[in-house]
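Heads up, the thing below is written out as structure tokens.
For this chain, numbers begin at 1 and follow the sequence in order. Just so you know, these numbers come straight off a predicted model, no measurement behind them.
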Amino acid sequence: MSMFGGKSAVGTTFGFFVFSSLFCAQAFAWSISGTVQSSTGEPLSGVMINSFNHAGVSAKTDNVGHFSIDENTAVLSGVADLDMKVRYANQVLSIENVHASIFKVSAIDALGKIVYQHSLQHVFGNVSLDFSKVSAHGVKFIRINIDGTNSSYMLTGSGSLFKDGAPLPNFSFQKEGYEAVIYQMSQENETGVSIIMNPASSDVESSSSAGGTNPTSNSQSGTFTPPDVPTTCAGKTVTPGDYNMSVVVDGKTRTFIMHVPSAYNGSKPVPMVVDYHPIGGSGAGQMADYGGSTYKSKTDPEGVISLYPDGTDGVSPMGAGWNVGPCCSRDDDVKFSREMIKKVEEIACINPRKIYATGFSMGGGMSNHVACNMSDVFVAVAPAAMDLNRTNSVSCNIVRPISVIMFRGSQDNVCPYAGGESFMRDGLDFLGAENNFKFWAEKDGCTGNPATNSSGCQEYSNCKGGAKVVLCTDKNGANGTGNGHDQGNGSIGWPFLKQFELK
């Protein structure tokens with residue numbers, strides 16, 4: 001263990017440690033506990049609790065109907081890579097899995113003034129920083145800069161750390177024989193929450209489209225001409241940074257974040273990734289990763305620009321979502337996606353043949369959806385934790401083969417691996433992971449049987465136009481919790497996506 005000491009701008013001593021073992025100290029940015037009972041007052045045991053907008057959260061009520069969930073439930077260890085994790089407890093900031101040529105931490109007060117800043121070079125491993133003296137100067141935000149890429153965190157009133165832009169979780173409570181309940185947290189720490197579940201109505205009809213996948217035939221309609229790649233970046237003035245942007249679609253202002261990494265210098269056309277958030281989420285929250293998405297950490301070093309669009313509210317009780325057929329928005333999100341991409345291409349030097357989509361939960365549903373409706377724009381997509389449904393799959397109309405890599409959990413309690421009607425009875429009747437896999441294989445004209453690839457995923461590789469269709473199934477869920485409703489794995493997804501180019 002090596003130790004570094006220093007003087008801050010306000011003259012306080014700041015302790016700094018670099019070491020390789022895992023940290024024991026943790027702080028929970030949110031926590032919730034309470035009880036679940038029936039409308040007759042009977043405690044309900046075995047109620048499944050999952051989050052739509054935070055990956056890997058899973059719990060059950062005990063034999064007296066009690067539950068307790070905290071932010072630690074949502075921390076993912078990463079499948080094939082080491083992802084940086086930030087924790088704060090007892091005024092000590094702990095950062096795991098740092099890999100940086102230049103590492104900088106800034107402590108900022110409520111007025112935006114930097115009260116302390118420290119940097120190191122060539123940091124590999126874990127870092128611990130003692131904020132006990134610096135905190136006396138009203139630190140409200142902590143900014144961590146890894147090789148030019150910033151992540152901002154807010155210190156809450158309870159002394160916990162919260163990622164800037166990340167929303168509080170919403171939860172679904174499900175038990176056979178009872179109507180599902182959705183609960184949205186409004187405070188970072190909630191205790192004594194009472195959830196009441198009503199018996200399920202016996203007169204609810206099952207979906208009339210429960211049988212068969214009913215995929216349309218290979219529908220590569222019309223002719224497709226790939227866009228020209230810019231030969232020069234002249235006039236493209238954007239510089240690295242995060243930009244809050246908007247476009248007007250059908251008379252409505254739609255918003256998104258454009259993230260331009262420090263590795264982008266505007267000298268050559270770069271790829272672009274559109275990352276769709278889960279229901280109840282936001283573009284800012286998806287950029288903050290919701291505890292699991294690893295695409296940004298893989299694409300930033302390559303200068304890839306990423307977009308984080310905002311869905312719209314007003315249809316689903318769970319908040320902002322996407323119009324993927326019968327749910328969960330009334331806005332034209334395909335048109336929004338086209339206008340968003342068009343606007344970014346005006347100011348950034350984008351390679352129009354290397355545009356990709358990904359997303360988590362309903363964002364995974366949306367990335368499946370744009371694969372159907374925007375195969376002239378997206379060359380490949382990587383949906384996680386949601387499939388096509390029986391409404392938008394019927395209208396799916398690709399103009400060229402599109403490569404798809406799907407990340408699904410066999411124990412997913414939010415979007416069932418086997419498919420079927422959504423427990424919310426919102427019209428979503430999912431194909432299921434295996435049928436979604438076969439659907440895209442048929443759409444892309446794949447032949448033969450799928451084989452296991454080097455990542456342990458099932459892959460159709462003999463498809464028209466050089467496309468590939470892949471299904472990666474997590475049989476254990478995050479950290480072995482059994483909940484497979486998780487973000488995709490960028491260590492597998494990004495190398496897959498970037499190999500494809502519109503032709």
Side-chain angles (χ1 to χ4, degrees), residues 50 52 172 205-220 276 278-279 316 321-329 333-334 357-375 378 380-398 401-446 449-450 457-460 463 467-475 484-486 488 493:
N50 299 281
F52 280 89
S172 67
E205 296 181 0
S206 60
S207 170
S208 60
S209 58
T213 61
N214 191 30
T216 57
S217 60
N218 193 319
S219 56
Q220 299 160 35
Y276 294 97
I279 194 165
S316 171
W322 305 104
N323 189 343
V324 294
C327 185
C328 288
S329 166
D333 290 318
V334 171
T358 185
F360 163 55
S361 193
M362 176 152 279
M366 184 60 188
S367 52
N368 267 296
H369 190 63
V370 295
C372 280
N373 296 281
M374 296 178 65
S375 59
F378 293 108
V381 300
M386 190 167 285
D387 312 312
L388 286 163
N389 58 72
R390 298 184 192 280
T391 298
N392 64 357
S393 62
V394 170
S395 62
C396 186
N397 186 33
I398 61 175
I402 182 169
S403 294
V404 182
I405 182 169
M406 295 156 272
F407 293 92
R408 295 289 276 112
S410 62
Q411 306 302 311
D412 193 333
N413 294 309
V414 175
C415 182
Y417 189 84
E421 188 177 4
S422 166
F423 73 90
M424 284 298 296
R425 299 188 183 277
D426 49 15
L428 290 176
D429 192 3
F430 300 113
L431 297 187
E434 295 288 350
N435 284 335
N436 205 65
F437 183 40
K438 295 174 183 177
F439 177 94
W440 281 115
E442 290 189 28
K443 276 290 180 184
D444 283 341
C446 304
N449 297 316
C457 306
Q458 292 297 105
E459 177 178 309
Y460 284 98
C463 308
K468 295 180 182 180
V469 178
V470 177
L471 172 62
C472 297
T473 299
D474 179 3
K475 296 181 179 180
H485 196 68
D486 301 324

*Among all residues two or more places apart in sequence or in another chain, which pass the disulfide (SG to SG under 2.5 Å) test with Cys415?*
none
*asked:* Looking at Pro416, is its backbone amide N or carbonyl O close enough to the side chain of Arg408 to form a donor-acceptor pair, meaning the two atoms are under 3.5 Å apart?
replied: yes
*Decide yes or no for Val470 and Gln458: does some side-chain heavy atom of the first lie under 4.5 Å from some side-chain heavy atom of the second?*
no
*Name all residues meeting the side-chain hydrogen bond (donor to acceptor under 3.5 Å, both in side chains) criterion together with Asn392; count only those two or more places apart in sequence or in a different chain, and write none if there are none.*
His369, Asn389
*Got Asn368 and Met386 here, is their nearest side-chain heavy-atom distance under 4.5 Å?*
no
*asked:* As a quick check of understanding, evaluate side chain to side chain contact (heavy atoms under 4.5 Å, CB included) for Ile405 and Glu459, giving each step before the final call.
replied: CA-CA 9 Å; Ile405 182 169; Glu459 177 178 309; over 6 Å; no
*Considering non-hydrogen atoms only, spot the tightest contact between Gly364 and Pro383 and give its length.*
O-CB, 3.2 Å
*Tell me, please, which residues at least two apart from Ala384 pass side chain to side chain contact (heavy atoms under 4.5 Å, CB included).*
Phe407
*Can you measure from OG (Ser410) to NZ (Lys475) and round to the nearest 0.5 angstrom?*
7.5 Å
*Is the closest side-chain heavy-atom distance between Tyr276 and Asp333 below 4.5 Å?*
no
*With sequence neighbours left out, what residues match Phe437 under ring-ring contact (aromatic ring centres under 6.0 Å, His included)?*
Tyr460
*So do Asn436 and Leu471 actually touch side chain to side chain, heavy atoms under 4.5 Å?*
no
_Is any side-chain heavy atom of Thr358 closer than 4.5 Å to one of Ser367?_
no
_Applying side chain to side chain contact (heavy atoms under 4.5 Å, CB included), can you list everything that pairs with Ala371, at least two apart in sequence or on another chain?_
Val381, Ile402, Trp440
*From Glu442 CD over to Cys396 SG, what is the distance, rounded to the nearest 0.5 angstrom?*
11.5 Å
*Return yes if some donor-acceptor pair links the side-chain N/O of Asp412 with the main-chain N/O of Tyr417 below 3.5 Å, else return no.*
no
*For the atom pair SG (Cys327) and CE (Met362), what is the distance rounded to the nearest 0.5 Å?*
4.5 Å
*Between CG on residue Asp474 and SG on residue Cys457, distance to nearest 0.5 Å*: 10.0 Å
*asked:* To the closest 0.5 Å, what do you measure between CG (Asn413) and OG (Ser172)?
replied: 8.0 Å
